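Below is one structure, written out as structure tokens; the observations come after it.
Keep in mind the model is a prediction, meaning the values are calculated, not measured. Along the sequence shown, residues carry numbers from 1. Scope of the values below: all heavy atoms of this structure, side chains included, with no hydrogens, waters or symmetry mates.
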Amino acid sequence: MVAFNRFVFAGALTMAAPVAAIAAPPDNTIIVGLSADASTFDPAQISSRDNSNIAKHIFATLFKVNFEGEIEPELVDKTTISDDGLAYTFTIKPDLTCEDGEPLTAEDVAYSFNRPADKASAFTGNTPGFVYTTLGFKSAEVVDDLNVTVNLTAKTTLALGMMAQVYIHCQDSYEAMTVEEAASNPIGSGSYRLASWERGSEIVLEKIKDPGTFDTIIWRIIPEASTRTAELIAGNVDIITNVAPDQVGAINDSGSAKVAQVDGTRRMQVGFNLGKGVEGMPGAKEIQDPKVRFAMQYAVDVPSICTQLLGTECTRMTSLVNPPNGNPDLLPIPYDPDMAEKLLDEAGYPRGEGGTRFSIRLQGPRGRYLNDANVVQAIGQYLNDVGINTEVELLEWASVYSPLLRTKEMGPLFFLGQGGVTWNPLYDMSLFSTPDGATNYQSWTDQRWFDDWKLAIDADTVEAARPVINRMLKLFYDEGPWLQLYFQPDFYGVSNRIEWTPRRDEEIELFAATLS
């Protein structure tokens with residue numbers, strides 16, 4: 001058994017020095033403390049949740065996923081679907097405008113869909129890399145001023161939910177900018193405009209139209225969890241993300257704020273990088289063997305990580321699909337280091353001189369996820385305990401780790417959380433819709449999965465696809481590219497000054513937030 005008091009973690013969680021209270025924010029302003037900065041505001045390049053949480057206040061979308069996880073129209077008045085399910089014609093609402101005052105028409109909608117797909121621009125954001133790969137996006141074309149048709153290569157039950165992630169922007173403005181200019185000068189279609197962006201410090205949005213209760217939204221970048229807590233208690237921010245477990249009591253006892261906990265949908269994993277980006281690195285060859293990957297599952301005590309490092313109980317994941325949509329026949333793999341050692345022996349990797357089976361690097365971000373640095377170091381220790389000599393490397397998220405993910409050049413093992421939903425299991429599975437997809441960070445190429453994916457996505461309903469889905473999830477369980485961890489619990493600190501309820505899916509929506 002691994003005892004957590006053996007670990008001496010760098011940057012152990014402690015309360016920061018007291019922060020001086022400044023004047024309370026004006027009644028027309030709300031301030032959010034985030035752990036990571038945005039990296040871009042180009043709608044074709046945005047790829048992280050923190051980034052998109054800000055962008056969704058700048059850009060509108062055809063549809064949105066509401067608090068209950070239901071898909072509802074935002075810019076759309078009417079939807080017509082062709083008999084073969086390959087063409088979606090949308091009638092957009094009349095009298096829409098862009099931030100620059102220009103009318104927003106079907107031409108802008110078609111442009112917003114076609115621009116991210118432009119291969120010459122080589123965009124790498126969520127829209128071209130994940131949404132379009134999963135959606136089977138083909139093209140968008142203007143019918144008339146208020147009607148636009150989006151063409152797909154295959155029918156899918158995911159269509160409207162995926163289209164809810166495409167940011168609508170304004171053609172004339174973007175055609176007048178370079179790609180570099182578009183990264184920091186968004187011209188949106190939503191309620192707010194980017195007023196200023198001091199990188200690494202704060203992002204200020206100003207309201208230009210409804211919906212939106214507050215005239216100004218300030219997103220402050222505060223990487224250290226203890227500093228975010230201190231700023232919240234002092235009244236300098238209204239909402240903070242990723243509250244550290246050992247700081248929950250301090251917030252709840254402060255008299256100025258409370259902690260709101262939700263069962264999140266973000267899927268935490270140690271990914272196995274099976275691609276060319278790690279060729280020649282220590283451990284890269286060994287993890288190509290699915291027997292080694294499965295053996296390593298037994299080496300990590302996930303329930304103890306949750307209770308001792310996240311401050312809550314959790315159930316280990318059995319797949320990449322959020323409950324209740326998983327395969328009900330799969331049970332969480334238990335912590336059993338003896339079984340891990342037995343299976344590693346059988347896979348042909350016995351302990352050698354000094355007790356080491358092989359060496360490997362585990363990379364992870366610092367400050368992006370709940371107590372991530374300590375979790376990564378704990379996982380490294382668990383692997384060391386079964387003879388896998390694990391070098392742990394912690395990296396800054398926005399400028400170092402995120403680019404490594406985009407190019408798939410992170411270490412053979414990498415700690416990552418990928419957002420999920422509850423409205424369709426195929427959404428969660430669509431991270432692996434193609435062998436070379438942008439969100440297939442693991443470069444997993446098992447043809448059995450991709451053959452079944454075609455069958456599942458082609459089904460008329462999720463229920464009809466269920467036998468295939470269950471077969472795919474069993475394969476993922478036995479041989480897949482994740483060391484399964486947990487669905488991240490989310491802790492938000494919320495000032496008594498405001499009324500705001502967090503969502504399960506990590507989307508921070510401030511349109512309906514109000515003063516208490």
Stepwise side chain to side chain contact (heavy atoms under 4.5 Å, CB included) test for Leu34 and Arg220 = CA-CA 6 Å; Leu34 299 178; Arg220 288 186 54 197; over 6 Å; no

After noting the C-alpha distance and the side-chain angles of Asp460 and Lys155, does the key distance pass the salt bridge (Lys or Arg N to Asp or Glu O under 4.0 Å) rule?
-> CA-CA 8 Å; Asp460 291 330; Lys155 66 180 181 180; 2.6 Å; yes

Kindly determine whether Val32 and Trp500 satisfy side chain to side chain contact (heavy atoms under 4.5 Å, CB included), including the steps that lead there.
-> CA-CA 12 Å; Val32 181; Trp500 177 78; over 6 Å; no

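Counting only heavy atoms from C-beta outward, the side chains of Asn322 and Arg267 approach each other to under 4.5 Å. Proximity of Arg199 to Ser184: side-chain heavy atoms (C-beta onward) are separated by under 4.5 Å at one or more points. Side chains of Thr241 and Tyr492 form a contact here, defined as non-hydrogen atoms less than 4.5 Å apart. Ser319 has its side chain out of reach of Met429: every pair of non-hydrogen atoms, C-beta onward, lies at least 4.5 Å apart. A heavy-atom distance below 4.5 Å is found between the side chains of Arg368 and Asp50. Arg503 has its side chain within reach of Val65: a pair of non-hydrogen atoms, C-beta onward, lies under 4.5 Å apart. Proximity of Val375 to Tyr369: side-chain heavy atoms (C-beta onward) are nowhere separated by under 4.5 Å.
Within the structure, disulfide (SG to SG under 2.5 Å) contacts touching residues 413-491 (residues at least two apart or in different chains) do not occur. Residue pairs meeting the ring pair (Phe, Tyr, Trp, His ring centres under 6.0 Å) criterion with at least one partner in residues 451-477, sequence neighbours excluded, are Phe432-Phe476, Trp444-Phe476, Trp449-Phe476, Phe476-Trp482.
The pair Asp505-Arg49 does not meet the salt-bridge criterion, since no charged nitrogen lies less than 4.0 angstrom from a carboxylate oxygen. Between Arg115 and Asp42 there is a salt bridge, since at least one side-chain N of the basic residue sits less than 4.0 Å from a carboxylate O of the acidic one.
Between Tyr111 and His169, the ring-plane angle classifies as perpendicular under the 30° and 60° cut-offs.
In this structure, Lys78 places its NZ atom where only 12 or fewer heavy-atom neighbours from other residues, nucleotides or ligands lie under 6.0 Å away. For CD of Glu107, the number of neighbouring non-hydrogen atoms (other residues, nucleotides, ligands) closer than 6.0 Å is 12 at most. Within a 6.0 Å sphere centred on NZ of Lys454, other residues, nucleotides and ligands contribute 12 heavy atoms or fewer. Within 6.0 Å of CG on Asp263 lie no more than 12 heavy atoms contributed by other residues, nucleotides or ligands.
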Let me have the donor-acceptor pairs involving side chains of residues 412-423, under 3.5 Å, with sequence neighbours excluded, atom names and distances please.
from	atom 1	to	atom 2	distance (Å)
Gln418	OE1	Gln269	NE2	2.6

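For Pro489 against Leu370, the heavy-atom pair with the smallest separation is O-CD2, 3.5 Å. Heavy-atom minimum distance, Gly85 versus Leu152: O-CD1, 4.3 Å. Nearest heavy-atom pair across Ala513 and Ile30 is CB-CD1, 4.1 Å. Contact detail for Ser189 and Lys209: the closest heavy-atom pair is O-NZ, 3.2 Å.
Between Glu479 and the choices Lys291, Arg448, Arg293, Lys474, the side chain to side chain donor-acceptor pair (under 3.5 Å) rule is met once, by Arg448.
For the salt bridge (Lys or Arg N to Asp or Glu O under 4.0 Å) test, no residue two or more places apart in sequence or in another chain qualifies with Lys408. When the ring pair (Phe, Tyr, Trp, His ring centres under 6.0 Å) test is applied to Phe487, no partner is found at least two apart in sequence or on another chain. By the ring pair (Phe, Tyr, Trp, His ring centres under 6.0 Å) test, Phe41 is found to be paired with Trp197, residues two or more places apart in sequence or in another chain being considered.
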